[in-house]
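In what follows, every chain begins at residue 1, and chains take the letters A, B, ... in the order their sequences are listed. Since we're looking at a predicted model, the values are computed, not measured.
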Amino acid sequence: MRIATWNINGVRARIDGAVAWVRDAAPDVLCLQEIKSADEAFPREAFEDLGYNVETHGQKGFNGVAILSKLPIDEISRGLPGDDEDVQARFIEAVFSVKGGAIRVASLYLPNGNPVGSEKLTYKYGWMDRLEAYARAHLAAEETFVMAGDYNVIPEPEDARHPENWRDDALFQPETRQRFRRLLNLGLTDAFRACTTEPGHYSFWDYQAGAWQRNNGIRIDHHLLSPPAADRLVSAMIDKRTRGWEKPSDHVPVVIELDV
DNA sequence: ATGGCTGCAGGATGCAGA
């Protein structure tokens with residue numbers, strides 16, 4: 001089972017490239033972030049024509065997440081639990097039947113948090129604490145689950161081409177990294193890092209200042225796996241090709257293969 | 001570098017992103 005995550009940075013602006021990539025990569029499940037679209041404006045037919053079920057949790061103008069799946073969706077849920085006042089569309093999860101039982105897949109768009117010292121960073125930390133509570137609950141149930149998405153977290157210095165440039169950024173704050181490590185310490189596995197310890201693998205390159213051409217990137221799009229899911233991990237790869245395409249997203253797809 | 005691009009809403013330019 002191939003599970004991909006991709007911050008598409010505007011699904012309507014990116015529809016041709018998105019369809020081309022889905023056709024080529026053929027993920028079983030695709031988690032999208034930053035669709036920047038209300039549900040009714042999401043170009044669902046383009047993906048349904050490729051044989052995908054489409055579930056969205058959109059919002060006009062910015063944010064917005066989606067799950068596309070070749071498999072039937074047994075359950076769908078929108079919004080990260082823990083704050084009824086949170087109106088930002090950043091979380092959707094689906095449950096699928098697989099031969100061993102069930103697998104839960106979440107598509108999440110963790111808040112950026114910049115600038116440091118702002119309420120946006122407070123919101124990010126609160127959101128990460130809610131994500132930890134969510135993970136704890138599903139770990140306690142011993143579920144096979146995957147939390148995939150744009151975490152807006154640079155976990156370690158080797159996940160940035162120039163870590164020193166990110167020292168004062170919300171993505172690399174000690175408190176941000178600590179919260180990410182807390183997730184790992186619960187027993188979750190960073191799928192990509194389980195497959196390689198090499199530095200220099202990135203999932204985002206800024207549009208500005210020739211970041212792509214200079215390979216000035218960061219790795220911020222992750223799959224975190226529960227122990228039963230990690231036991232089934234076969235491979236993880238970052239598909240850099242799309243960053244060189246016409247009108248690219250600034251993020252590229254990350255794809256894992258699970259033997260389920 | 002002073003955010004140097006980009007998408008979106010709206011119908012000019014401001015906001016958000018990382």
Side-chain angles (χ1 to χ4, degrees), chain A residues 5-19 21 31-43 46 56-66 86-91 107-125 127-128 131 148-177 179-180 192 200-222 238 240 242-254:
Chain A
T5 183
W6 192 8
N7 180 321
I8 194 73
N9 190 18
V11 67
R12 286 169 292 166
R14 217 74 65 200
I15 188 61
D16 291 346
V19 165
W21 184 81
C31 300
L32 293 176
Q33 300 88 36
E34 273 204 279
I35 61 175
K36 295 187 176 179
S37 171
D39 292 330
E40 58 271 22
F42 188 95
T56 63
H57 182 36
Q59 176 174 356
K60 192 175 181 176
F62 56 106
N63 297 332
V65 288
D86 186 359
V87 297
Q88 299 193 32
R90 296 179 173 276
F91 188 92
S107 174
L108 65 93
Y109 177 42
L110 209 149
N112 173 309
N114 279 308
V116 169
S118 69
E119 290 197 0
K120 291 182 177 182
L121 189 53
T122 306
Y123 173 64
K124 177 177 193 160
Y125 292 158
W127 208 95
M128 294 185 83
L131 187 63
D150 176 0
Y151 278 73
N152 273 315
V153 175
I154 302 167
E156 300 293 339
E158 56 266 35
D159 296 311
R161 177 73 176 81
H162 295 295
E164 68 278 11
N165 291 353
W166 298 92
R167 192 192 58 192
D168 298 325
D169 194 283
L171 280 62
F172 199 53
Q173 287 303 291
E175 295 88 344
T176 299
R177 297 175 57 202
R179 281 176 170 81
F180 188 81
F192 187 81
H201 292 280
Y202 312 126
S203 65
F204 168 91
W205 295 261
D206 200 286
Y207 288 123
Q208 303 179 73
W212 167 244
Q213 289 76 9
R214 297 165 187 237
N215 194 26
N216 178 12
I218 50 178
R219 191 177 71 91
I220 56 175
D221 299 273
H222 311 298
I238 298 174
K240 290 169 64 172
T242 62
R243 191 61 179 79
W245 291 2
E246 288 291 309
K247 285 178 67 72
S249 170
D250 39 10
H251 297 249
V252 300
V254 185

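A donor-acceptor pair under 3.5 Å is formed between the side chain of A:Ser203 and the backbone N or O of A:Ile220. Listed for the A:Ser249 side chain is a donor-acceptor partner under 3.5 Å among the backbone atoms of A:Asn7. At distances below 3.5 Å, at least one donor-acceptor pair connects side-chain atoms of A:Thr176 with backbone N or O atoms of A:Ala170. Proximity of a side-chain donor or acceptor of A:Arg14 to a complementary backbone N or O of A:Ile35 within less than 3.5 Å is not detected.
Residue A:Arg90 is in sugar-phosphate contact alone, with no base atom involved, counting any heavy-atom pair closer than 4.0 Å across all strands shown. Within 4.0 Å of A:Lys124, counting heavy atoms only, lies no atom of the nucleic acid at all. Contacts of A:Asn7 with the nucleic acid, taken as non-hydrogen atoms under 4.0 Å apart, involve only primed sugar atoms and P, OP1 or OP2. A:Asp150 comes within 4.0 angstrom of sugar-phosphate atoms only, judged by non-hydrogen atoms across all strands, and of no base. Within the 4.0 angstrom heavy-atom criterion, only backbone atoms of the sugar-phosphate kind lie near A:Asn152; the bases stay farther away. Among the atoms of the strands shown, base atoms are found under 4.0 Å from some heavy atom of A:Ala209. In this structure, A:Tyr109 reaches the sugar-phosphate backbone alone: every heavy-atom distance under 4.0 Å involves primed, P, OP1 or OP2 atoms, never a base.
Computed from coordinates, the A:Ile35 CD1 to B:dA16 P distance equals 18 Å when rounded to whole Å. Computed from coordinates, the A:His251 NE2 to B:dG7 P distance equals 13 Å when rounded to whole Å. Atom pair A:Asn165:CG and B:dA1:C1' shows a separation of 13 Å (rounding to whole Å applied). The distance between atom CH2 of A:Trp245 and atom C1' of B:dT6, rounded to the nearest whole Å, is 19 Å. The interatomic distance linking A:Asn216 (CG) with B:dC5 (P) rounds to 14 Å, in whole Å. As a whole-Å value, the separation of A:Gln208 CD from B:dT2 C1' is 12 Å. Rounded to whole Å, atom P of B:dT6 lies 8 Å from atom CZ of A:Arg243. Between the C1' atom of B:dG7 and the CD1 atom of A:Ile15 lies a distance of 15 Å, rounded to the nearest Å.
Comparing the P positions of B:dG10 and B:dT6 gives an interatomic distance of 23 Å, to the nearest angstrom. Rounded to whole Å, the P atom of B:dG17 lies 25 Å from the corresponding atom of B:dA12. B:dG4 and B:dC15 have their P atoms separated by 15 Å, with the value rounded to a whole Å.
The side chain of A:Lys60 contributes no N or O atom lying less than 4.0 Å from OP1 or OP2 of B:dA16. An OP1 or OP2 oxygen of B:dA16 is reached within less than 4.0 angstrom by no side-chain nitrogen or oxygen of A:Lys36. OP1 or OP2 of B:dG7 has not a single side-chain nitrogen or oxygen of A:Arg12 nearer than 4.0 Å.
Looking at which nucleotide of DNA chain B each of A:Val11 and A:Gly113 is closest to, the 5′-most match is held by A:Val11. Closest-nucleotide positions on DNA chain B for A:Lys247 and A:Glu34 were compared, and the one nearer the 5' end corresponds to A:Lys247.
Checked against the 6.0 Å centroid criterion, the rings of A:Phe180 and A:Tyr151 qualify as a close aromatic pair.
Within a 6.0 Å sphere centred on CD of A:Gln213, other residues, nucleotides and ligands contribute more than 12 heavy atoms.
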